[in-house]
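Let me begin by presenting the structure, written as structure tokens, before commenting on it.
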There are 2 protein chains.
Amino acid sequence: MSMTNETGMKRPFTDGQDLLPGLSIDPVIFGFHEGQLKILLLRFRGMDAFALPGGFVHLSEDVDEAAARVLYERTGLREIYLDQFYTFGKRDRRDAGTQQTLLQGNGVELPNTHWLLQRFVSIGYYALIDFTKANPTPDPLSDSCGWHDLATLPPLIFDHTAMVYKALETLRKNLDDKLIGFALLPETFTMTDLQQLYETILGKPLQRTNFQRKILSLGILERLEKKMSGGAHKAPYLYRFISPATP
Amino acid sequence: MSMTNETGMKRPFTDGQDLLPGLSIDPVIFGFHEGQLKILLLRFRGMDAFALPGGFVHLSEDVDEAAARVLYERTGLREIYLDQFYTFGKRDRRDAGTQQTLLQGNGVELPNTHWLLQRFVSIGYYALIDFTKANPTPDPLSDSCGWHDLATLPPLIFDHTAMVYKALETLRKNLDDKLIGFALLPETFTMTDLQQLYETILGKPLQRTNFQRKILSLGILERLEKKMSGGAHKAPYLYRFISPATP
DNA sequence: TAGGTATTGTATCTTTTTGATACAATAATA
DNA sequence: TATTATTGTATCAAAAAGATACAATACCTA
């Protein structure tokens, strides 16, 4: 979980009455750009470490809705692939020192009994978005919200690093049978784009010809016109993902 | 989540001060007996519907520890395969009517502000146990705790039916790559036992000879002496599961 | 006690899937 | 217009999965 909330700077800390107590959500928001898997991270004012762009759950919303709302608040995107992957409930997952630093950085001092300083359990979600469409937006406690290469992750607060790797593990497991990779690409893409994405997620090279055969055999791609001006060579086809449910 | 707690009948409802507010855990405890997958269900006093044997999380424990504790309290077993599968967070997942019935059945009346009547998010766990070793034990609000065939599940309270099927789905997915099926069998078993288990979990018949070849090729079984007196035919070997980590 | 029976263990064949290699097609460039 | 780097497909080979055949055998029973 993070110190993120959605109330704006004038009321950085509500009394928490309209929130589920002790519960947060932490979305791992994946993007893909220039051959690299990336995730969205916040940096809180006055802190070195980064954090997942978390949030809390209103009494009036489902937990899933809260996750979608936070995703929208940080990216401006709705109707995104978003799925729960794990719930983090270690007793001491949030160390007091980090919490203090975080509050001080924002010039806030809270009594130990404040709801924000109690024990929190956090529900991890992962989202797959089209990198080019996202509009990363910091939250009230942060001075930045931006993309970071998964390959060179900076230090994260609390157990957020473990969250990221657990999310990646889930993404890898679901890549083939849920066919979710396409959510990370623009509407149309070449077979090479798709292969690069798969190679990056799986962390291993794939054989071009066999990858093409395999993907095409799934019958989930519509072949469009060719993509010209890609270089001094044969032009590749563009493809569009078609849901297996809509044949 | 369920109304189960662990405080004993004399104090059926604590003030909740030592518990994580609004958070419960619900274990789906699987067993296998006579070719049937079974789960442990409670019946609350004066109610028709059954429930998963849930519990709450103490401030002093990790959520995982709470799940293991509840599992122990209902079965007498420790060191059991136990894994989280999903967290249920729909706003209206617990309907007020059922809660009232449940309390009335136990002769309890609580104000609407009582912690037990607030909104709850529940973390689902699934456990795989050796049917022959379990000692099902009701909790203070229940008059029974027993096995029920998954194939003929009675009505369950709240969203517990959905929980069970989500747990089953997770079990199916993990059956092959986590090699967890063996946790449902006794220490030693025949290949036919194992095949029946797989067929029941997966819900489809498997070819005997190919199943045997596949399983043996994994190198995770130790072949023991033969099991005699199984009938007027060739006696099958008994096997023991050996962890792939311990070769 | 010996032959019948139902199952078990393994071998073998076929089919499908995956992996590796070869090669013709071609859009831009020089 | 020839060159180049890449793309699309075909065709091998190897491995995995599916199907079938059959010998081995523990127990029953006649």
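In what follows, chains are A, B, ... by sequence order, proteins preceding strands, each numbered from 1.
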Distances under 3.5 Å between protein N/O atoms and the N/O atoms of nucleotides 23-25 of chain D, please, pair by pair.
{"unit_1": "D/dT25", "atom_1": "O2", "unit_2": "B/Lys234", "atom_2": "N", "d": "2.8"}

task = Verify whether one side chain among B/Asp95 and B/Thr98 offers a donor that lies under 3.5 Å from an acceptor in the other.
result = yes
ask   = Whole Å only: how far is the CD atom of A/Gln212 from the P atom of C/dA25?
value = 17 Å
request  = Return the value, rounded to whole Å, for the distance between atom CD1 of A/Ile215 and atom C1' of C/dT17.
outcome  = 15 Å
query = Would you find more than 12 non-hydrogen atoms of other residues, nucleotides or ligands less than 6.0 Å from A/Asp48 atom CG?
reply = no
request  = Give me the one residue out of B/Asp130, B/Val70, B/Leu40 that meets side-chain contact (heavy atoms from CB on, under 4.5 Å) with B/Thr75.
outcome  = B/Leu40
task = Go through C/dG9, C/dT21, D/dG8 for me and flag the one nearest to the A/Arg223 side chain.
result = D/dG8
When you compare the protein's N or O atoms with those of nucleotides 13-17 of chain D, which come within less than 3.5 Å of each other, and at what distance?
{"unit_1": "D/dA17", "atom_1": "OP2", "unit_2": "B/Lys214", "atom_2": "NZ", "d": "3.2"}

ask   = For B/Phe158 and B/Leu52, what are the C-alpha separation, side-chain angles and deciding distance, and is it a side-chain contact (heavy atoms from CB on, under 4.5 Å)?
value = CA-CA 10 Å; B/Phe158 303 149; B/Leu52 291 172; over 6 Å; no
inquiry  = According to salt bridge (charged side-chain N to carboxylate O under 4.0 Å, His left out), does anything in residues 200-220 of chain B pair up with another residue at least two apart or in another chain? List the pairs.
reply    = none
Residues which pass ring-ring contact (aromatic ring centres under 6.0 Å, His included) with B/Tyr81, listed by chain and number, not counting sequence neighbours = B/Tyr126
message = Does anything in residues 167-192 of chain A form a salt bridge (charged side-chain N to carboxylate O under 4.0 Å, His left out)? List the pairs, not counting sequence neighbours.
response = A/Asp83-A/Lys178, A/Glu169-A/Lys173, A/Glu187-A/Arg240
query = Is there a donor-acceptor pair closer than 3.5 Å between any side-chain N or O of B/Asp62 and the backbone N or O of B/Glu65?
reply = no
key: Residue met sooner reading DNA chain C from 5', once A/Thr209 and B/Ala232 are mapped to nucleotides   = B/Ala232
query = Does any non-hydrogen side-chain atom of A/Cys145 lie less than 4.5 Å from one of A/Thr137?
reply = no
request  = To the nearest Å, give me how far apart CG (B/Leu238) and C1' (C/dT8) are.
outcome  = 13 Å
note = Checking B/Ile215, B/Leu216, B/Leu194 against B/Tyr239 for side-chain contact (heavy atoms from CB on, under 4.5 Å), the one that qualifies is B/Leu216
ask   = Quick one: A/Leu216 CG to D/dG8 P, roughly how many Å, whole number?
value = 9 Å
request  = Identify, residue by residue, the members of residues 188-208 of chain A with a heavy atom below 4.0 Å from DNA chain D, and return them in order of residue number, or none.
outcome  = A/Thr192, A/Arg208
query = Parallel, tilted or perpendicular: which fits the ring planes of B/His148 and B/Phe50, with parallel below 30° and perpendicular above 60°?
reply = perpendicular
